[in-house]
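Structure first, commentary second.
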Amino acid sequence: MVNPLSIAAMLVSTLVVFALPMILGVIFLRRWGASPLAVGVGVLGFLVPQVLIRIPALQWLNQQPFYQELAAQPWFLALFLSLTAGLFEETGRWIGYRYLLKNRLEFKNALAYGVGHGGFEAIFLVGLGYLNLIIFSFMINNGTFDSLAAPQLGLAAEEIRTQLISTPSYLYLVGGLERVFAIAVQLGLSVLVFYSVKRQEARLYWLAVLLHTMVNLPAVLLVSAGVGIVWIELWVAICAAVAVWYVIRSQRQEKQHAVLAGSAEMSQNG
């Protein structure tokens, strides 16, 4: 039987994963007047580079002997996965700003892009999976798992059952918490690449790729080394805190620039 606390933890994480992007989206769209298009482009900025290109490419590589040999080295695998994630996502972000949002290069739209990107990532990577786990948990507890789900799941059925029953309840909260941190990081990276396009500074794009890689690399290495999940999440939390600081700092600078521009215009008119 799946612990009711585990089911409750999954429900909380699922609620967080779906609700947080919606709440942020409402704030940026209604209160700040951001463009809905920016949210949509943000969704595409994860969907196309990751779901449609990178993930299928990795699945193909996993079947190739040469890659299997290289992937046996933890450092290579961690660096390759982290770097390609940074390259694909930040390139998608740059293309989105440069071509799809070229007439909407405003700070508020950078945040809206980040919500679309980070929100879709959270729902795709965690939200949908947790929904399945919740359904399986109820089926295990009411005795219908073997007859309804197991035939479709095949050999994976017993593995899923064991995972749901044996995993400590608190770990199911980690998925939701990690996505909160990840959305914060995505907001920060979205602002950074926004400035790269707006100011035509390529170095900011490459900085975003580097930072994205550095967020993922230690986490992947710690997982492969068997380090406890608490330390991994601590690293991601630190990255999220830095990202939030950067967004707040940038937002304050945008306000200052707007005030100065308004003052300059009044002086000219006067």
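We're numbering straight along the sequence, starting at 1. Note: hydrogens, waters and symmetry copies are ignored here, and every other heavy atom, side chains too, is used.
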- [ ] For the pair N109 (side chain) and S35 (backbone), establish whether a donor and an acceptor sit closer than 3.5 Å, ignoring hydrogens and angles.
- [x] yes
Open item on the list: According to side-chain contact (heavy atoms from CB on, under 4.5 Å), who are the partners of V17, at least two apart in sequence or on a separate chain?
Closed with: A122, I123, V126, R179
- [ ] Name all residues meeting the side-chain contact (heavy atoms from CB on, under 4.5 Å) criterion together with E201; count only those two or more places apart in sequence or in a different chain, and write none if there are none.
- [x] R199, R203, L204
Open item on the list: Quick check on side-chain contact (heavy atoms from CB on, under 4.5 Å): which of I134, L164, V12, T14 does Y172 satisfy it with?
Closed with: L164
For the residue pair [X] and [Y], establish whether any side-chain heavy-atom pair is separated by less than 4.5 Å.
| X | Y | value |
| --- | --- | --- |
| Q50 | H117 | no |
| Y67 | L58 | yes |
| K108 | F28 | no |
| V220 | L77 | no |

Task: Inter- and intrachain pairs under salt bridge (charged side-chain N to carboxylate O under 4.0 Å, His left out), touching residues 142-156, at least two apart - done: D146-R161
Open item on the list: Would Y113 and F194 count as a ring pair (Phe, Tyr, Trp, His ring centres under 6.0 Å) here? Give the steps.
Closed with: CA-CA 9 Å; Y113 180 104; F194 157 74; over 10 Å; no
- [ ] Report the C-alpha separation of L81 and R54 in whole Å, then their side-chain angles, then the decisive distance to 0.1 Å, and conclude whether the side-chain contact (heavy atoms from CB on, under 4.5 Å) test is met.
- [x] CA-CA 10 Å; L81 293 178; R54 179 175 175 268; 3.9 Å; yes
Open item on the list: For the OG atom of S250 and the CH2 atom of W245, what is their distance to the nearest 0.5 Å?
Closed with: 8.0 Å
Task: Distance (rounded to the nearest 0.5 Å) between Q186 CD and H212 NE2 - done: 5.5 Å
Open item on the list: Assess the residue pair F80 and L61 against the criterion (side-chain contact (heavy atoms from CB on, under 4.5 Å)); give the C-alpha distance rounded to whole Å, side-chain angles, the decisive distance to 0.1 Å, and a yes or no.
Closed with: CA-CA 12 Å; F80 182 76; L61 282 174; 3.9 Å; yes
TODO: Might you work through the side-chain contact (heavy atoms from CB on, under 4.5 Å) test for N141 and I7, ending with a clear yes or no?
DONE: CA-CA 11 Å; N141 288 357; I7 298 176; 3.6 Å; yes
